[in-house]
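To keep things clear, I will list the structure first and then write my remarks on it.
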Amino acid sequence: MIAPGGDHFGAADLVIRGGFVVVPEEQGGIIEGDVVVRDCRIVSVGAPFSGVARRVVDATHGVVVPGLVNAHMHECLERGIFEDLPFLRWLEDFALPKDRAYEPRHQRAAALLNQLEMIRGGTTTFIDIFRHPDEAATVALTSGLRAVISPQVIQSVPGAGETLEANIDFVERWHGRSDRIQAWFGPHALYSCEADTFSVMSRHAARLGVGLHTHLAESRDEVRTISEGTGLRPAAYLDRLIDPGHRVLVAHAVHLTDAEIELVASRGWAVAHCPTSNMKLGNGVARVPALLAAGVTVGLGTDSVMTNNNLDLFEEMRQAALVQKLTLEDATVMSCREVFAMATTGSAAALGLGDQIATIEVGRRADLIIVGLDACHLWPLLTGAHNNVLAQLVYSAHATDVRTTIVDGEVLMEDGVVATIDQDEVSELVGREARDLLTKAGVLHAGCRHG
Ligand SMILES: [Zn+2]
């Protein structure tokens, strides 16, 4: 079936040929045909290209999918180090001391590791909230990924995060500098930043037309702390502190009342749902069906490699579906169509990129991945009117099934070979810098004694 059409003559920068293509439902859902890219954008979908192409990528036995979008993550190094600890001990004895020890060299290694993993796993856009944002943004310039960088400002434990002044300075310096990289404000949470900090950041965000990303209502402890300290639930307190005139993305939003969900919806705040992190830290299950029913934009995030422990958005889609079906004892909630939308259009809208990326349509930025369908864990593959391609992507595929990753029409990985990051160099760098970081933080041996 060939549907959507576009400009399929003349010259092209890139043609992706031979695979299924996931297009918006109203344009056919799953079609077969060429995807043609010119000047970073998709110019034709479906029709056979008959012009001259600078590069042709083969998608045979695969499916061309919009690049996945990670709506909440921290680019860090500490994977599999501090496991299965009570939350407060994990935070105070390990997480905060090593956050304080972070230097730019550690952050560069973390950014290279995380961006390599995202390219390999089919994530084409992400929002990072962590330390030394210049390192993360500089790595994104060369990795080719689309990024929103929000420095993580923490004030309650001095030195554990960035400062308000550093965040303002970063946004001023990076605002408008790259087509692919946005700079946002990143107050860590209501309990770790001063009230004034939220207000000041909010005024700057409105002035510059950028967003603000924070953690909200992640744990019951947080709700109790904010409620006892302010007399308000977290969403109401956040609403009191910030301006309505800019984009807001809150991570987790696990413990929201009906009234808070209505408030989030009425303010147009987006939510980054991180089911694996919420499960791993024992924080609970976000009320995603209620958020969606209220009209809230919900994206999907992995959170960091400390609390996941990977950046695989295929796995995250699956977790997002399963945890709701389990909790609500209803197999019909969170369909594969809904969770796929969360990892693509939902996350993109949350980052203010809803009209730029995340669907394969003429005029969109060419952020695309090719997922191989020839592995046995994806069999049987049904084609035609009753195809099961989307179900296989959500319920059976893994990050390792991604063959090719493309951002803005640039091929960052083809057939499993990453072109923009030297994997051998990162492998060596990450081991060395992780050990250095944990040693400086004084938690190397403590961290390895858990269990
Ligand atoms: Zn987080």
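Only a predicted model underlies this, so the values are computations on that prediction, with no experimental measurement involved. Read the numbers this way: they start at 1 and go in the same order the structure lists the ligands and their atoms.
A donor atom on one side chain and an acceptor atom on the other are found under 3.5 Å apart for Q423 and R120. Using modelled atom types, one finds no donor on one side chain facing an acceptor on the other under 3.5 Å when comparing H252 with N283.
Put simply, H74 gets within reach of the Zn ion (ligand 1), with an N, O or S atom under 2.8 Å from it. Taking 2.8 Å as the threshold, H72 counts as a candidate ligand of the Zn ion (ligand 1), since one of its N, O or S atoms lies below it.
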>> Is there a ring pair (Phe, Tyr, Trp, His ring centres under 6.0 Å) between H132 and H106? Walk through the geometry before answering.
In response: CA-CA 9 Å; H132 305 298; H106 305 125; 8.4 Å; no

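Looking only at its N/O/S atoms, D303 has OD1 as the one nearest to the Zn ion (ligand 1).
A donor-acceptor pair under 3.5 Å is absent between the side-chain atoms of H74 and the main chain of F130, judged by distance alone.
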